[in-house]
Amino acid sequence: MAIFSSAQKTIKVSKGKIKSGDEVIAEYDGHGSMFRNGSYTVTLPGSKDALITLEEVNHTFYNPLLDELHLFYQVKFSTGDSFYVRPRPATGKAFGIAYVRYDRKVGNDIIEEIFNDTLPIVIENKVLNKEAVGKLIAKANAYPFETIMANAKALEDSIAMYAKTPITRDIKKPITFQLIGKPADATTTEGNWFTITQDSLIIGRLYKYLDEQFNKVTYTVWRKAADGAVLQGRSVGFVPILTTKRLMNNYEKKYEAIKISGKDIFIFYGANYLSAEMDLVGAAVGAGLL
């Protein structure tokens, strides 16, 4: 009986209630779905005053040197404290292969990220305990969003500096592509890599990923860097300058890429989005980006 009791959950989250044992210590309300970012408020029972708010941050890094997509929550306390939490990943095996997957979490699942048996209870005697909040933040699955953003900004500033190095050649000469193997500094595991040549000079390279299941394609353009270029502590021969979202067919034949430095939109046109590498690179050369 003692063994059975010790296995019981002390903190339970269900149907808008947060319980410690049999006592409802807080309530939560909000929404979140695959179509809408999560937004939740935690209050004392019968109160409308927010003790804790959770807002989902759906942040895409338009930088091929960083993870593409980050799904996490900003958690704010009425004490003035705040932190970011990235939900713990789903783990398992599929066809004998282990996986770690960061799926979106909403509802009970996200509330359980800060109310569970592994973390300090921050609500005691109908009060938000500031000391317990500090302990929770120190122990929780905190996500260093500000640090990542600062590192990303420094990385993009370096890319912008290296991308200014002129590549002297006749830009009226034809542009050609040659399929190559995966470069040593590539962060991607799928797709195809090409060198870009003009006037007998290698001026850059291009990454193309075709999602055949959904008939979508993604491109990233890299510019040849001068000798001595270093990104994230590694010597590199190329720096990324443009990346697209997953492109799909549209009647205008008008497509968007994102400038890695500055995040400005770069418009280009292509007859076929599935083979738009020449259109994208030609537009980049014409704009002086490549």
Side-chain angles (χ1 to χ4, degrees), residues 32-38 56-72 94-95 99 101-104 106 152 156 159-160 163 171-183 185-198 202-224 238-290:
S33 71
M34 64 179 295
F35 305 107
R36 176 179 178 181
N37 282 1
E56 186 177 10
V57 181
N58 185 344
H59 186 86
T60 301
F61 287 102
Y62 291 111
N63 191 321
L65 299 182
L66 298 168
D67 293 345
E68 179 184 359
L69 188 62
H70 293 236
L71 297 167
F72 52 96
F95 304 105
Y99 67 81
R101 193 172 59 233
Y102 282 91
D103 296 328
R104 293 183 72 210
V106 295
E156 290 163 9
I159 290 171
I171 62 172
K172 295 181 180 179
K173 292 290 181 69
I175 297 169
T176 59
F177 295 86
Q178 182 179 357
L179 182 66
I180 58 173
K182 176 185 171 183
D185 58 348
T187 57
T188 51
T189 58
E190 299 177 308
N192 291 317
W193 289 87
F194 302 83
T195 55
I196 307 169
T197 302
Q198 187 176 39
I202 294 177
I203 62 172
R205 69 186 185 202
L206 177 133
Y207 170 72
K208 177 179 181 178
Y209 175 69
L210 176 61
D211 186 339
E212 295 181 352
Q213 180 179 0
F214 297 101
N215 211 35
K216 297 178 181 179
V217 65
T218 303
Y219 299 98
T220 303
V221 178
W222 299 62
R223 179 187 173 99
K224 186 74 173 69
F238 300 83
V239 294
I241 57 171
L242 291 171
T243 189
T244 69
K245 300 178 182 179
R246 291 191 297 177
L247 303 184
M248 298 182 290
N249 191 32
N250 65 61
Y251 293 106
E252 292 182 285
K253 307 298 181 184
K254 177 181 178 181
Y255 304 102
E256 292 184 357
I258 306 294
K259 294 181 181 179
I260 298 297
S261 297
K263 306 297 189 300
D264 296 329
I265 301 296
F266 180 76
I267 303 295
F268 68 101
Y269 295 83
N272 185 342
Y273 70 104
L274 293 174
S275 57
E277 49 265 33
M278 181 63 75
D279 301 307
L280 173 57
V281 170
V285 170
L289 299 176
L290 188 63

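Starting from 1, each residue takes its place in the sequence as its number. These numbers come from the heavy atoms of this one structure, side chains and all, not from hydrogens, waters or symmetry mates.
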Colleague: Rounded at 0.5 Å granularity, tell me how far NZ in Lys182 sits from CD in Glu190.
Modeller: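 One gets 10.0 Å once the value is rounded to the nearest 0.5 Å.
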Colleague: If you define the side chain from C-beta out and look only at heavy atoms, does anything of Ile258 sit under 4.5 Å from Ile265?
Modeller: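 A side-chain contact under 4.5 Å exists here.
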Colleague: Quick one: closest heavy-atom pair of Ile241 and Leu289, and the distance?
Modeller: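 Shortest heavy-atom contact: CD1-O, 3.4 Å.
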Colleague: Does a side-chain heavy-atom distance below 4.5 Å link Ile267 with Glu256?
Modeller: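 Yes; the side chains approach each other to less than 4.5 Å.
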Colleague: Between Phe266 and Ala287, which heavy-atom pair has the shortest distance, and what is it?
Modeller: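 Heavy atoms of Phe266 and Ala287 come nearest at CE1-CB, 3.8 Å.
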Colleague: Could you walk me through whether Leu242 and Lys259 satisfy the side-chain contact (heavy atoms from CB on, under 4.5 Å) test, starting with their C-alpha distance in whole Å, then the side-chain angles of each, then the deciding distance to 0.1 Å, before giving a yes or no?
Modeller: CA-CA 5 Å; Leu242 291 171; Lys259 294 181 181 179; 3.8 Å; yes
Colleague: Please examine the side chains of Thr195 and Phe238, heavy atoms only from C-beta on, and report whether any two atoms are closer than 4.5 Å.
Modeller: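 Result no, sub-4.5 Å side-chain heavy-atom pair not found.
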Colleague: Does Ser261 reach the main-chain N or O of Glu156 with its side chain, forming a donor-acceptor pair under 3.5 Å?
Modeller: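 A pair under 3.5 Å: yes.
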Colleague: Check whether any side-chain heavy atom of Leu210 sits under 4.5 Å from a side-chain heavy atom of Tyr219, and report yes or no.
Modeller: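 A side-chain contact is absent here, since even the closest heavy-atom pair is not under 4.5 Å.
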Colleague: Counting distance only, does the side-chain N/O of Lys208 pair as donor-acceptor with the main-chain N or O of Leu274 below 3.5 Å?
Modeller: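 It does hold such a pair.
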Colleague: Give the minimum heavy-atom separation between Arg104 and Glu56, together with the two atoms involved.
Modeller: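 Between these two residues, the closest heavy atoms are NH2-OE1, 2.7 Å.
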Colleague: Please report the closest heavy-atom contact between Val217 and Thr244, naming both atoms and the distance.
Modeller: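 Where Val217 meets Thr244 most closely, the heavy atoms are O-OG1, 4.3 Å.
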Colleague: Could you please spell out the steps behind the side-chain contact (heavy atoms from CB on, under 4.5 Å) verdict for Ile196 and Val285?
Modeller: CA-CA 11 Å; Ile196 307 169; Val285 170; over 6 Å; no
Colleague: Got Asn250 and Tyr273 here, is their nearest side-chain heavy-atom distance under 4.5 Å?
Modeller: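 No, every pair of side-chain atoms sits at 4.5 Å or beyond.
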Colleague: Please work out which of the three classes, parallel, tilted or perpendicular, describes the rings of Phe177 and Phe194, given edges at 30° and 60°.
Modeller: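 Judged by the thresholds at 30° and 60°, the geometry between Phe194 and Phe177 is perpendicular.
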Colleague: With a 4.5 Å heavy-atom cut-off, do Ile159 and Pro240 have their side chains touching?
Modeller: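 Answer yes - side chains close enough.
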Colleague: Which heavy atom of Lys216 sits nearest a heavy atom of Arg246, and at what distance?
Modeller: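 Scanning both residues completely, I find the closest heavy atoms to be NZ-NH2, 3.7 Å.
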Colleague: Taking all non-hydrogen atoms of both residues into account, name the closest pair between Lys253 and Asn249 and its distance.
Modeller: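 Between these two residues, the closest heavy atoms are NZ-OD1, 3.1 Å.
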Colleague: Within a strict 4.5 Å, meaning less than it, do heavy atoms of the Tyr255 and Asp279 side chains meet?
Modeller: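 They are not in contact (no side-chain heavy atoms under 4.5 Å apart), so the answer is no.
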